Trainee: 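Once you've had a glance at the structure underneath, I'll fire off some questions.
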Amino acid sequence: MIKLKTLLGAIRPIEIIGDTDKNILSLESDSRKVGRDAMFVAVRGVTTDGHKYIPVVASAHVGAIVCEELPASLTQGITYIRVANSAEALGHLAAQWYGNPSHKLKLVGVTGTNGKTTTATLLYEMARLEGYRAGLLSTVCNYIDNEAVPTTHTTPDPLTLNHLLARMVEAGCDYAFMEVSSHAAAQHRIAGLKFAGGIFSNLTRDHLDYHLTVENYMNAKKAFFDMLPPDAFALVNADDKAGAYMVQNTRARKYTYSLRSDADFRGRILETRLDGTLLMLNGHEVEVQFTGRFNAYNLTAVYGAAILTGFNPEEVLVNMSRLVPVAGRFQAFHSTTGVTAIVDYAHTPDALINVLDTIRDIVRPAGGEITTVVGCGGNRDHGKRPMMAHEAALRSDHLVITSDNPRDEDPADIINQMKEGLTPSEMRHTICIADRREAIRAAIQAAKPGSVVLVAGKGHEPYQEVAGVRHHFDDREEVQAALAELS
């Protein structure tokens with residue numbers, strides 16, 4: 001229970017109609033959850049507008065309604081608060097409702113097209129190796145110290161987000177690390193949070209079904225750095241042309257990391273294998289359990305951010321070698337016959353290029369072949385479908401196009417759109433198998449000893465969404481079952 005006037009201290013209302021000296025028993029943005037003396041925030045969402053539910057919540061005897069547009073008829077006893085942006089107001093109100101938990105933690109956010117999950121998760125693991133209690137908000141799973149909390153979105157809604165952060169504070173966490181998606185920034189889900197630092201990984205085409213243009217997508221990510229306070233750090237990838245743009249207007253202290261040029265934190269690959277890499281970090285050699293240039297970038301960012309967060313540099317170097325790959329991110333499985341299968345979340349053209357280039361650099365010199373199994377999600381960016389197929393075919397000896405999460409689309413339509421990106425010569429080493437289980441099995445059964453099968457797109461996801469229904473399906477389980485048949 002919080003006094004309404006206390007809650008209102010977190011926002012800047014344009015207009016207030018009614019009594020502010022009343023108790024608010026709950027804060028909600030879902031009209032189905034409101035009860036007596038609740039505050040309802042009417043948010044204009046992607047699929048629905050909360051304003052149309054104002055008459056419904058008014059009949060539930062709520063105490064206050066926050067909106068951008070006042071209803072034609074006002075209900076007596078309800079306090080109406082008009083604001084410029086309800087979504088942004090909800091973020092600040094949620095933070096205030098839960099006692100501003102981000103102010104009581106060192107909260108570090110990670111944004112970018114690829115690498116968010118790995119970077120955030122490894123920072124969480126690093127904090128725990130350093131002996132601290134920490135929290136994690138990620139695509140794969142949320143953690144409150146060592147307690148796993150299932151996740152539904154890369155970045156939760158403001159109420160869920162602040163509730164989780166408050167639980168971290170209660171659990172005695174010193175640090176929290178979170179992925180900041182472009183959707184979250186654009187929808188103001190992170191409004192009201194205080195960040196101790198922000199990290200930018202890279203920017204390539206993604207989520208254009210939502211943002212429509214690359215410029216909008218880029219500016220959504222930049223908005224995160226624009227909100228950082230002066231005492232925070234902003235660590236950006238100097239090798240990505242969007243890195244400098246991200247911090248153009250930030251008030252935070254600026255730092256860079258790089259594999260190619262001078263930077264505050266410089267990484268360099270000395271030796272690479274399927275099971276690890278010898279990496280140079282600011283002049284110090286360290287053996288890590290990760291493979292690929294993309295992971296070298298992630299690890300250099302982790303190294304820099306860990307030091308900027310306040311961890312002991314010498315201990316950070318030691319603990320870099322103790323970090324292990326995130327589930328579904330370049331996760332390798334081996335058969336006794338010499339076939340290796342790699343499960344990776346790569347679901348953008350750039351991510352697919354990074355993973356396949358890494359595999360090719362290791363496998364090709366030894367005479368091994370590469371087979372890629374990949375699909376594209378339904379109800380998402382159609383433009384990247386032919387690009388995904390082309391990049392996979394270009395870097396593979398054999399390509400199997402299959403279903404990903406078709407959602408509400410016909411898998412055959414998605415596959416046909418992917419095939420449009422293939423040249424006649426690329427089509428000659430491509431087959432299409434809509435059933436993902438059969439596609440994985442066929443690719444592994446046909447693989448020769450010393451070869452690698454990449455199963456891309458779903459990574460850690462334990463489901464496949466077909467016609468709006470999620471069915472249990474885990475690429476890692478399917479890969480292990482198919483490899484077992486080879487033994």
Side-chain angles (χ1 to χ4, degrees), residues 113-114 202-211 214 217 292 294 328-330 341-361 363-364 368-447 451-459 461 464-466 473 475 478-479 482:
T113 305
N114 302 310
N202 50 62
L203 189 131
T204 59
R205 178 192 179 110
D206 200 14
H207 302 304
L208 296 196
D209 53 297
Y210 176 79
H211 296 288
V214 172
Y217 176 52
F294 59 97
R329 266 61 174 181
F330 209 88
I342 293 172
V343 174
D344 193 88
Y345 190 53
H347 60 284
T348 65
D350 185 67
L352 199 56
I353 291 169
N354 289 337
V355 173
L356 283 169
D357 282 352
T358 295
I359 296 171
R360 185 170 59 177
D361 290 345
V363 173
R364 285 284 169 80
E369 293 185 338
I370 301 170
T371 300
T372 299
V373 180
V374 66
C376 286
N379 305 109
R380 297 294 186 269
D381 181 8
H382 289 209
K384 74 178 182 182
R385 293 173 182 176
M387 297 166 62
M388 290 282 286
H390 173 66
E391 299 298 352
L394 196 63
R395 291 164 173 79
S396 307
D397 298 286
H398 311 283
L399 173 61
V400 183
I401 298 179
T402 187
S403 296
D404 189 285
N405 290 316
R407 299 185 175 89
D408 296 321
E409 288 193 65
D410 184 339
D413 291 341
I414 299 173
I415 289 172
N416 286 333
Q417 288 176 27
M418 292 183 71
K419 287 166 60 179
E420 289 174 5
L422 300 177
T423 65
S425 62
E426 289 170 345
M427 276 299 301
R428 283 194 285 272
H429 65 263
T430 300
I431 62 172
C432 301
I433 303 175
D435 186 301
R436 192 173 180 90
R437 178 176 288 111
E438 287 304 314
I440 293 170
R441 185 174 180 275
I444 290 175
Q445 287 288 329
S451 297
V452 171
V453 176
L454 170 65
V455 181
K458 290 174 55 59
E461 293 178 349
Q464 188 173 37
E465 188 173 335
V466 183
F473 191 96
D475 281 355
E478 300 301 328
V479 159

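When a residue number appears, it is its place in the shown sequence, counting from 1. Source: prediction; values computed, not measured.
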Trainee: Give every residue pair that meets the salt bridge (Lys or Arg N to Asp or Glu O under 4.0 Å) criterion with at least one member in residues 416-430, sequence neighbours excluded.
Mentor: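 Not a single pair qualifies under salt bridge (Lys or Arg N to Asp or Glu O under 4.0 Å).
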Trainee: Any side-chain to backbone donor/acceptor pair from Asn405 onto Arg407? Under 3.5 Å, distance only.
Mentor: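 Flag not set: sc Asn405 to bb Arg407 has no pair under 3.5 Å.
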Trainee: Measure the CG-CG distance between Asn114 and Asn354 for me, rounded to the nearest 0.5 Å.
Mentor: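 Spacing of CG (Asn114) from CG (Asn354) equals 6.5 Å.
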Trainee: Is Arg385 salt-bridged to Glu409, cutoff N-O under 4.0 Å?
Mentor: yes
Trainee: Quick one: closest heavy-atom pair of Ala392 and Thr372, and the distance?
Mentor: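 Distance-wise, the nearest heavy atoms are CB-CG2, 4.1 Å.
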Trainee: Tell me the closest heavy-atom pair linking Pro411 and Ser403, and the distance in Å.
Mentor: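 So the two residues come closest at CB-OG, 3.4 Å.
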Trainee: Quick one: list whatever passes side-chain contact (heavy atoms from CB on, under 4.5 Å) with Asp404, sequence neighbours left out.
Mentor: Arg436, Lys458
Trainee: Quick check for you: to the nearest 0.5 Å, what is the distance between Asn202 atom CG and Phe294 atom CZ?
Mentor: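 It comes to 11.5 Å.
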Trainee: Looking only at non-hydrogen atoms, find the nearest pair between Gly377 and Arg380 and report the distance.
Mentor: O-CB, 3.9 Å
Trainee: Starting at NE2 of His398, measure out to OG1 of Thr430 and round the result to the nearest 0.5 Å.
Mentor: 10.5 Å
Trainee: Does Thr371 offer a backbone N or O that forms a donor-acceptor pair with the side chain of Ser396 under 3.5 Å?
Mentor: no
Trainee: Looking at CZ of Arg395 and CG of Leu352, how far apart are the two atoms once the value is rounded to the nearest 0.5 Å?
Mentor: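 These two atoms lie 8.0 Å from each other.
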Trainee: Nearest 0.5 Å please: distance from the CD1 atom of Ile440 over to the CD atom of Glu478.
Mentor: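 CD of Glu478 is found 5.5 Å from CD1 of Ile440.
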Trainee: Got a salt bridge between Asp397 and Arg364, using NZ or NE/NH1/NH2 to carboxylate O under 4.0 Å?
Mentor: yes
Trainee: Measure the SG-CG distance between Cys432 and Leu399 for me, rounded to the nearest 0.5 Å.
Mentor: 7.5 Å
